[in-house]
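Notes for the one structure printed next.
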Amino acid sequence: MASRPTVVLIPLWGSGHFMSALEAGKRLLAAGGGAFSLTVLVMQAPTQAKAVEVEGHVRREAALGLDIRFLQLPAVEHPTDCVDPVEFASRYVELHTPHVKAAIAGLAPSSRAAAVVVDLFFTALFDVAHELAVPAYVYFASPAAFLALMLRLPALRDDLTGPGFADMEGAVDVPGLPPVPPSYMPACLVKSKIQSYDAFEYHGRRYMEARGIIVNTTVELEASVLAAIADGRCVPGRPAPALHAIGPVIWFEQKDDDQFQHECVQWLDAQPPASVVLLCFGSMGSHDAAQVREIAAGLERSGHRFLWVLRGPPVAGTRHPTDANLDELLPQGFLEATAGRGLVWPTWAPQREILSHAAVGGFVTHCGWNSVLESLWFGVPMVPWPLYGEQHLNAFELVAGVGVAVALEMDRKKGFFVEAAELERAVRNLMDGGSEEGRKARAKVSETSAEFRRAVGDGGSSCTALQRLVAEILDLPDGRR
Ligand SMILES: COc1cc(-c2[o+]c3cc(O)cc([O-])c3cc2O[C@@H]2O[C@H](CO)[C@H](O)[C@H](O)[C@H]2O)cc(OC)c1O
Ligand SMILES: O=c1ccn([C@@H]2O[C@H](COP(=O)(O)OP(=O)(O)O)[C@@H](O)[C@H]2O)c(=O)[nH]1
C-alpha cells in the first residue's frame with residue numbers, strides 16, 4: 001500500500017471548539033488533494049451532555065465518507081478544584097498525554113503523522129509532538145486579538161497590581177488594538193484567582209514552541225493585530241510565531257430534509273426583510289430573572305420585531321443552560337403584548353440558519369467568536385452583550401476596532417447588568433433606518449461579509465494561507481502545491 005501521511009487533530013469537546021477544528025481539518029484535507037488523511041483523536045468529554053454532543057458530531061461526520069479516522073482516547077480521571085474551565089481543560093489534557101503518545105506512535109508506518117494540530121488549551125500535548133519529532137500546530141478558534149493578549153500575558157503580569165486586571169489603572173496594551181480598558185479583559189482574568197491567569201499565561205508561553213498557529217480569522221478583519229504578532233510586538237526579542245489566517249471557518253450543517261423547516265425559520269418567513277433582531281447567547285449563556293425582566297421590557301419598548309433565544313438557569317454544577325420555563329421567567333402579559341412581532345424560543349435554536357434568513361436585520365450576541373464570524377458572514381450587524389471567556393475583548397474589538405457593532409452600556413460594577421432603557425436604545429440604533437450608528441455598522445458589516453467570501457474563494461487570502469500551510473506540512477519547496 002502506498003505510504004500517505006496523516007494530520008492528527010486533537011480538538012476540545014465543546015461544540016464551538018470541536019466543530020470549528022473539525023471544519024478546519026476538512027478544509028486542510030480538501031486543500032491537500034489526497035496527499036494526506038486526517039486522524040482525529042477524540043477525548044471523552046467531561047460531562048454526559050457534552051459526551052452525547054461529541055458522539056453525535058463524530059457519528060454524523062464519520063458517515064460522510066471523507067478520509068477521516070476518529071480514534072477514541074481512553075477515559076482519564078477528572079482533575080478537581082479547578083477555578084475555571086480553562087484550568088480544567090489544561091489539566092485534563094495533561095492526563096491524556098500517555099494515551100495521545102501511544103495513539104500517534106501506534107499509527108501504521110504507511111500513515112505516519114505529518115503534523116499534530118491541537119486546541120488552543122491543549123499545549124501540554126506539545127511534549128508528545130516534540131518527543132515523537134512531529135511538527136506541532138495550534139488551532140486557535142478565537143480571534144487573533146485574544147491570541148495577541150495571550151502571547152503578551154507573561155509581560156503584562158509585571159503591570160498587575162492584584163491577581164487580575166480588575167484593579168489595574170490605565171489601559172492594557174494589546175498590540176494591534178486601541179488601548180483596552182481593563183474591564184474588557186476576558187472575564188476570568190479580571191476577577192481572577194491567580195490560577196486562572198497562570199493557566200492562560202502557560203498557554204501563551206507555549207504557543208511560542210509551535211511550528212505555526214492556525215487562526216480562525218482573516219487578514220482583512222484583523223490586519224493590525226496579525227501584523228503586530230507577525231512583527232514580534234507581542235513577545236519582543238523572540239522570533240515571532242508563524243500565523244496562518246484561514247478563516248472564517250464556519251461549520252454549516254447539511255440538512256437531511258429540505259421539506260422540514262424549523263419553527264423559528266417558519267416564523268421568520270412571515271416577517272419583512274431585515275426587520276427582526278435576533279438575541280442568542282451561545283452554548284453557555286443564560287441570564288437571571290431580574291435581567292430577563294429588563295430584556296423583556298427593553299424589547300417591548302423598542303417596538304421592533306425580535307426572535308429571542310431565552311435559556312433557563314444552568315444545570316446544577318455545570319455551565320450548561322436548561323430549557324427556559326417561559327411562564328416562570330417572562331413578565332406577565334409580555335407574550336400577549338408582543339404577539340405577532342416577537343418569538344421567544346426556549347431551547348437550542350438553529351442560529352446559522354436564522355442568521356442567514358433575509359428577515360434578520362440585527363443580532364444581540366454574547367460575542368462567542370463562532371457567533372461573531374457567522375454574523376459577519378451573513379452581513380448582520382451586532383449589539384455585543386459579552387458574558388464569559390474572551391467575549392468582552394471580542395466585543396471591544398467589534399465596536400472600537402472593526403466598527404460592525406452598536407455598543408451596549410453595561411453596569412460593570414453590578415455583574416454587567418443591562419437596563420431595559422439601554423437595550424431599547426441599542427436595539428433602536430441598530431435597527432432604525434435613521435440612526436447614524438446603525439447605518440455605519442450595517443455598511444461596515446456588508447463590506448466585511450463580501451471580504452469574507454473573497455478571502456475563502458480561489459486566490460483569496462485565507463485560501464492562499466491554507467495552501468501554504470498544506471505545502472509546509474507536506475514539506476514542499478517554496479510553499480508550492
Ligand atoms: C477562548 O477563550 C476562552 C474560552 C473558554 C471556553 O472554554 C470552554 C471549555 C469547555 O469545556 C467547553 C467549551 O465549549 C468552552 C468554550 C469556551 O469559550 C468559547 O470558545 C469558543 C472557541 O470555539 C469561542 O472562542 C468563544 O468565543 C468562547 O466563548 C473559556 C474561557 O475562560 C474561562 C476563555 O477565556
Ligand atoms: O441556540 C444556539 C446557540 C448557539 N448555537 C451555535 O453554537 C456556536 C456557539 O459558539 P460560540 O463561539 O459563538 O460561543 P460558545 O457557545 O462557544 O461560547 C455557534 O456556532 C452558534 O451558531 C446555535 O446554533 N444555537
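Not measured: the values here are computed from a predicted model. Just so you know, ligand 1 is whichever comes first in the structure, and atom 1 is the first atom listed for that ligand.
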- Parallel, tilted or perpendicular: which describes the rings of W308 and F334, with under 30° parallel and over 60° perpendicular? perpendicular

- Message: Between D84 and S196 (side chain of the first, backbone of the second, donor and acceptor by atom type, cut-off under 3.5 Å), is there such a pair?
- Response: no

- Message: Checking K26 against E61 for the salt bridge (Lys or Arg N to Asp or Glu O under 4.0 Å) test, could you report, in this order, the C-alpha distance in whole Å, the side-chain angles of both residues, the deciding distance, and whether it holds?
- Response: CA-CA 10 Å; K26 283 157 75 177; E61 295 297 318; 2.6 Å; yes

- Contact set, ligand 2, heavy-atom distance under 4.0 Å, ordered by chain/number, equals C280, G282, S283, W348, A349, Q351, R352, H366, G368, W369, N370, S371, E374, Y388, Q391

- Quick one: is the NZ or CZ of R206 closer than 6.0 Å to the six-membered ring centre of F122, and within 45° of its axis? no

- Task: Measure the acute angle between the ring planes of F281 and W385, then classify it against the limits of 30° and 60° as parallel, tilted or perpendicular.
- Result: perpendicular

- Which of W348, W267, W345 passes ring-ring contact (aromatic ring centres under 6.0 Å, His included) with H262? Answer is W345

- Query: So does R91 pair up with E94, basic N to acidic O under 4.0 Å?
  - Reply: no

- Item | Y92 and H96: CA distance, side-chain angles, deciding distance, ring-ring contact (aromatic ring centres under 6.0 Å, His included) verdict | CA-CA 7 Å; Y92 191 56; H96 283 83; 4.8 Å; yes

- Task: For this output row, return yes or no: ring centroids of F378 and H357 closer than 6.0 angstrom.
- Result: no

- Note on the structure: Chain-and-number sorted residues having a heavy-atom contact under 4.0 Å with ligand 1 are L12, W13, G14, G16, H17, P85, V86, F121, A141, S142, F146, C188, F200, M284, G368, W369, N370, Y388, G389, E390, Q391, N394

